Protein chains: 2
Amino acid sequence: MDQVDIFKALSNRSRMQILSWLKDPEFNFPEQGGAGFEHGVCVGQIQRKAGLTQSTVSEYLSILQRAGLVSSVRVGQWTYYRRDEAGIKALLENLGTEL
Amino acid sequence: MDQVDIFKALSNRSRMQILSWLKDPEFNFPEQGGAGFEHGVCVGQIQRKAGLTQSTVSEYLSILQRAGLVSSVRVGQWTYYRRDEAGIKALLENLGTEL
DNA sequence: AAGGTATATCGAATTTTCCCGATATATCTA
DNA sequence: TAGATATATCGGGAAAATTCGATATACCTT
């Protein structure tokens, strides 16, 4: 994934919010409580919080994923997304030297 | 300047190149030699190297400037641009904590 | 003052992004 | 197997970004 495309992924308020919310899933997605947070947060929760349509959020999550900023796991009918901390760290280190 | 807008400024190959070229003006803009590099590199030099029109480069430089990534000085009929290392450092530190 | 050079701004055509609704796919449950 | 739920993908309209050529502005030289 190219640096420029990573910046494109980050060039959107909603996507930045999602990335930020995922730093503290327990706090930002209390509704999911019962299901636990081991795998991350499911799309529906993020969709409700973001106030965008399901299709938009699904697309945004896949943009973040292609940029290496989040990862996903399918568990039953749910897809859980979480931050890819290694990918984010790698990005920051890259920026530190290349920017 | 908002984080998202800074990412937008960086979401373009040409603007990223310009920012990168300005890390080593002597090497990347040898044509400017005679005039010296104390103030940075003038728009025309960047324009020729980027292979874009004058108006496009002028606009791109102002986008980078609004994002706090470069600064400019007018000297006679020339405007010299250089990296705003303080602004870039501030951005990196912000990212380190906020991203 | 007049003409030349460097940069900025304006207006527009094209491409890309944003975000939606509709539909497809996968899985779960009865 | 049929229906319900969760997510992904498709197609498109509106908005923003890209990039240009033309023009305006600023400054320098003679």
Side-chain angles (χ1 to χ4, degrees), chain A residues 1-2 4-19 22 29 31-37 39-67 69-82, chain B residues 1-2 4-19 22 29 31-37 39-67 69-82:
Chain A
M1 193 64 166
D2 185 340
V4 169
D5 293 306
I6 297 178
F7 286 131
K8 282 186 187 170
L10 295 168
S11 294
N12 175 280
R13 199 114 18 212
S14 298
R15 288 194 294 268
M16 284 293 280
Q17 280 187 326
I18 291 171
L19 211 51
L22 290 177
F29 302 95
E31 279 185 63
Q32 181 171 302
F37 294 96
H39 304 102
V41 181
C42 70
V43 179
Q45 293 294 327
I46 299 172
Q47 187 253 307
R48 274 185 284 286
K49 177 129 183 159
L52 297 168
T53 62
Q54 188 272 319
S55 58
T56 297
V57 170
S58 178
E59 163 146 29
Y60 280 10
L61 287 169
S62 88
I63 290 173
L64 290 172
Q65 183 162 31
R66 274 198 301 280
L69 300 165
V70 305
S71 63
S72 69
V73 203
R74 178 113 201 191
V75 178
Q77 40 192 341
W78 292 276
T79 307
Y80 294 94
Y81 282 85
R82 70 166 92 197
Chain B
M1 191 64 166
D2 184 341
V4 169
D5 293 307
I6 297 178
F7 286 132
K8 282 186 185 168
L10 295 169
S11 294
N12 175 281
R13 200 119 10 216
S14 298
R15 288 193 295 268
M16 284 293 279
Q17 281 186 326
I18 291 170
L19 212 51
L22 290 177
F29 302 95
E31 278 186 63
Q32 180 170 303
F37 295 97
H39 304 103
V41 181
C42 71
V43 179
Q45 292 294 328
I46 299 171
Q47 187 253 307
R48 273 184 285 285
K49 176 130 184 159
L52 297 168
T53 61
Q54 187 273 320
S55 59
T56 297
V57 170
S58 177
E59 163 143 30
Y60 280 10
L61 287 168
S62 90
I63 289 173
L64 290 172
Q65 183 162 30
R66 274 199 299 281
L69 300 165
V70 304
S71 64
S72 69
V73 204
R74 179 111 200 190
V75 178
Q77 40 194 342
W78 292 277
T79 307
Y80 294 95
Y81 282 86
R82 71 166 92 198

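The shown structure was predicted, so the numbers you read here are calculated from the model rather than taken from an experiment. Within every chain, numbering begins at 1; the chains are lettered A, B, ... in the order of the sequence lines, protein sequences first and strands thereafter.
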Starting at [atom1] of [X] and ending at [atom2] of [N], how long is that distance when rounded to a whole Å?
X: B:Asn12; N: C:dT15; atom1: CG; atom2: P; result: 16 Å
X: A:Arg66; N: C:dT17; atom1: CZ; atom2: C1'; result: 13 Å
X: A:Leu10; N: C:dC18; atom1: CG; atom2: C1'; result: 16 Å
X: A:Leu64; N: C:dC18; atom1: CG; atom2: C1'; result: 14 Å
X: B:Glu59; N: C:dA12; atom1: CD; atom2: P; result: 16 Å

Pick base, sugar-phosphate or nothing for [X], based on heavy-atom distances below 4.0 Å to the nucleic acid.
X: A:Ser58; answer: base
X: A:Tyr80; answer: nothing
X: A:Ser11; answer: sugar-phosphate

Output all residues satisfying side chain to side chain contact (heavy atoms under 4.5 Å, CB included) with [X], sequence neighbours left out; order by chain, then residue number.
X: A:Ser71; result: A:Arg82
X: A:Thr53; result: A:Ser55, A:Thr56
X: B:Gln54; result: B:Gln47, B:Ser58
X: B:Val75; result: B:His39, B:Val73, B:Tyr80

With sequence neighbours excluded, what pairs up with [X] under the side-chain hydrogen bond (donor to acceptor under 3.5 Å, both in side chains) test?
X: A:Ser72; result: A:Gln65
X: A:Thr79; result: none
X: B:Glu31; result: none

What do the steps show when you test A:Tyr81 against A:Ile18 for side chain to side chain contact (heavy atoms under 4.5 Å, CB included), and what is the final call?
-> CA-CA 10 Å; A:Tyr81 282 85; A:Ile18 291 171; over 6 Å; no

Steps toward side chain to side chain contact (heavy atoms under 4.5 Å, CB included) verdict (A:Ile63, A:Asn12) | CA-CA 11 Å; A:Ile63 290 173; A:Asn12 175 280; over 6 Å; no

Listed partners of B:Phe7 passing ring-ring contact (aromatic ring centres under 6.0 Å, His included), at least two apart = A:Phe7

Can you pull the contact range of chain A along DNA chain D, 5' to 3', using atoms under 4.0 angstrom from its heavy atoms?
-> D:dT5 to D:dT9

Going by number, which of residues 39-48 of chain B have a non-hydrogen atom under 4.0 Å from DNA chain D?
-> none

With a 3.5 Å distance limit and no angle check, can you tell me whether [X] reaches the backbone of [Y] through a side-chain donor-acceptor pair?
X: A:Arg15; Y: A:Ala9; answer: yes
X: B:Gln32; Y: B:Cys42; answer: yes
X: A:Arg74; Y: A:Gly76; answer: yes

With a 4.0 Å heavy-atom cut-off, tell me which residues in residues 49-57 of chain A come close to DNA chain C, sorted by residue number.
-> A:Leu52, A:Thr53, A:Ser55, A:Thr56

Pull out every protein N or O sitting under 3.5 Å from an N or O of nucleotides 28-30 of chain C, one pair per line with the distance.
none

Of B:Tyr81 and A:Ile63, whose closest DNA chain C nucleotide lies nearer the 5' terminus?
-> B:Tyr81

For A:Leu10 and A:Met16, what are the C-alpha separation, side-chain angles and deciding distance, and is it a side chain to side chain contact (heavy atoms under 4.5 Å, CB included)?
-> CA-CA 6 Å; A:Leu10 295 168; A:Met16 284 293 280; 3.6 Å; yes

